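Letters A, B, ... are given to chains in the order of the sequence lines, protein chains preceding strands, and every chain is numbered from 1. Side-chain atoms are counted along with the backbone in the values below, which use heavy atoms only and exclude waters and symmetry mates. Not measured: the values here are computed from a predicted model.
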There are 2 protein chains.
Amino acid sequence: MAQIDRSLIAALPSFVGMGPEALDDVLAQARPLRALKGAAVFNQGQNADEFFLLLHGRLRVTRITPQGEQMVVRFVGPGDMFGVAMAIKSETYPGTATAVVDSLALVWPNSAWTGLISRHPALALNTMGTLGARLQDSQTRILEMSTQQAEKRVAHAVLRLVNQAGRKTDEGILIDFPISRQDIAEMTGTTLHTVSRIFSAWEEMGLVKGGRRRILVRDPHGLFMLAEKAE
Amino acid sequence: MAQIDRSLIAALPSFVGMGPEALDDVLAQARPLRALKGAAVFNQGQNADEFFLLLHGRLRVTRITPQGEQMVVRFVGPGDMFGVAMAIKSETYPGTATAVVDSLALVWPNSAWTGLISRHPALALNTMGTLGARLQDSQTRILEMSTQQAEKRVAHAVLRLVNQAGRKTDEGILIDFPISRQDIAEMTGTTLHTVSRIFSAWEEMGLVKGGRRRILVRDPHGLFMLAEKAE
DNA sequence: CGGTCGATTTGCGCCATAACAAAAAAATCT
DNA sequence: AGATTTTTTTGTTATGGCGCAAATCGACCG
């Protein structure tokens, strides 16, 4: 097996504070995995026996209720760990991870987890930090859904996407992967109809420019004002 | 300083898999803290320089938006860790913890955190499990708020309280600490008015029996059916 | 025991947004 | 190019539950 270069991961948040030998120890048990656009890396409910780090591409993580209603939990970007069911003491994956563009990940067998955490306290601390950040984010979303109405929730969601995956262009900031109105609706707890109406209004105001599975934010500051303004 | 007995904590989920010396190492740096009903253990935004374990009592953790809207994040029960801002790499407490009954906790200085995690991998793994469970719970709440209407959300919230703090009586299951309609509203993203109406209807149906800051669930199974029924 | 204050209940009107419906637009396939 | 599918837009109607208002109830206090 070709050795994976540790420079690939040394700078990632999950591995800060780890020396070269530690990184080699981590990489020694990993293998690469490609996922083509539209393919699932793992499915909700499936036995969780591996965990992952995304190197390149973008995944959408979703959860579905027994009644069939779906939500978008988050989008995974390069450098993010995902599918860490082991870390949260779950036997199965709590959601489904689907590639929205062709993607490349590293995979470890779950059997490696306890040993890695025990040998590398920095990895443990970093992973906790990651989980904590996700927890904060979830709670923020709950707070938004409790107290704000649809337009502001959508604005916040788009601003979060700008931070995670915004790419500057001369027209404004482009969300760097294909994302549908339905996705936005499932991130914000509304319907694609409402999202579509909101985008139409914003387009009229010159805040954004839409397109099929495409979002270009022309005026991020204006959107921010709209999201934060009291009332 | 009086030594705290390790039998107090040995059986708690946070410390499973740790030997006697490990437990002593953990306890050596802790001190006890009493919080009377209504008192805040820490406040949102305050510099986080300690973390906690609840031994006895009950706390309510809340978060508030810049605009002043509040939500109840969770209730902390005996054996739960809380205020672990360090674990999530936050400088300040992200919420406020208030005693809803007279309570007793253990407190550690944040400076002890890194050392404890490094020396005791089991503690790291257990803490991750705790964070993961909270993350799961948050995502479930988001999913509920996205897809279900107020009555079902309230039903789920009450069932969760039954699991966390239900005490069997001959009349039914009593939530073991004072909790107001306003609290329930802030847990479910609705208003106290709506919660009150829902409780009135349930009382009529014989599902629950209310009271001032008091909830008695007469028919847990009926409530469960109501919460889960498709539609 | 009367007064005060916090908590709860209830009524009513309105509005944001879901639900239903259909068409238009853009991409993909044959 | 034409056909098919997916995604988005837009119109109309219906309604859950919020906002406002007020009354009631119960607990605690002096």
Worksheet item: Going by atom types alone, do B:T130 and B:T127 pair a side-chain donor with an acceptor below 3.5 Å?
Response: no
Worksheet item: Quick one: A:R181 CZ to C:dA18 P, roughly how many Å, whole number?
Response: 16 Å
Discussion item. Determine whether the aromatic ring centres of residues A:F177 and A:F75 are separated by less than 6.0 angstrom.
Written reply: yes
Fill in: Interatomic distance, A:E186 CD vs C:dA18 P [rounded to whole Å]
13 Å
Discussion item. Looking only at side-chain N and O atoms, does B:R212 offer a donor or acceptor that is under 3.5 Å from a partner on B:S180?
Written reply: no
Worksheet item: Heavy atoms under 4.0 Å, any strand shown: does B:R197 hit a base, just sugar-phosphate, or nothing?
Response: base
Worksheet item: Given the rule in the salt bridge (charged side-chain N to carboxylate O under 4.0 Å, His left out) test, do A:R160 and A:E144 qualify, once you have shown the distances and angles that lead to the verdict?
Response: CA-CA 13 Å; A:R160 237 170 274 142; A:E144 284 174 8; 2.6 Å; yes
Worksheet item: Picking from C:dA18, C:dA27, C:dT8, which would you name as closest to the side chain of B:L192?
Response: C:dT8
Item to complete: Can you tell me the distance, in whole Å, between the NZ atom of A:K209 and the C1' atom of C:dA25?
Response: 13 Å
Fill in: For atom NE2 of B:H193 and atom C1' of C:dC12, their distance in whole Å
13 Å
Fill in: Gap between atoms CD and P, on A:Q182 and C:dA18 respectively (whole Å)
12 Å
Worksheet item: Hey, is NZ on A:K89 packed in by over 12 heavy atoms from elsewhere, all under 6.0 Å?
Response: yes
Worksheet entry | Atom-pair distance (NZ on B:K37; C1' on C:dG6), nearest Å | 13 Å
Worksheet item: Rounded to the Å, how far apart are A:R214 CZ and C:dA26 C1'?
Response: 13 Å
Practice prompt. With DNA chain C as reference, determine whether A:T190 or B:S196 sits nearer its 5' end, using the nearest nucleotide of each.
Written response: B:S196
Worksheet item: Of all nucleotides in DNA chain D with an atom under 4.0 Å from a non-hydrogen atom of chain A, which is the first and which the last going 5' to 3'?
Response: D:dT6 to D:dT12
Practice prompt. Salt-bridge test for B:R167 and B:D176: reply yes if a basic N is under 4.0 Å from a carboxylate O, no otherwise.
Written response: yes
Discussion item. What I want to find out is whether B:R197 reaches B:E151 closely enough, with some N-O distance under 4.0 Å, to be called a salt bridge.
Written reply: no
Worksheet entry | Nucleotide C:dT9, atom C1' - distance to CD1 of B:I198 in whole Å | 14 Å
Fill in: Candidate nucleotides C:dT8, C:dT17, C:dC20, ranked by approach to the side chain of A:Q149 - the nearest
C:dT17
Discussion item. Between A:T96 and A:R60, do the side chains contain a donor N or O and an acceptor N or O under 3.5 Å apart?
Written reply: no
Worksheet entry | Check: B:F52 ring centre within less than 6.0 Å of B:F42 ring centre | yes
Worksheet item: Hey, does the side chain of B:S200 come within less than 4.0 Å of C:dT10's phosphate (OP1/OP2), counting only N and O?
Response: yes
Response to the item:
Rounded to 10°, the helix from C:dC1-D:dG30 to C:dT30-D:dA1 deviates from straight, judged by its five-pair end axes, by 40°
Worksheet item: Taking for each residue the nucleotide of DNA chain D bearing the nearest heavy atom, is the 5' side occupied by A:T194 or by A:R212?
Response: A:R212
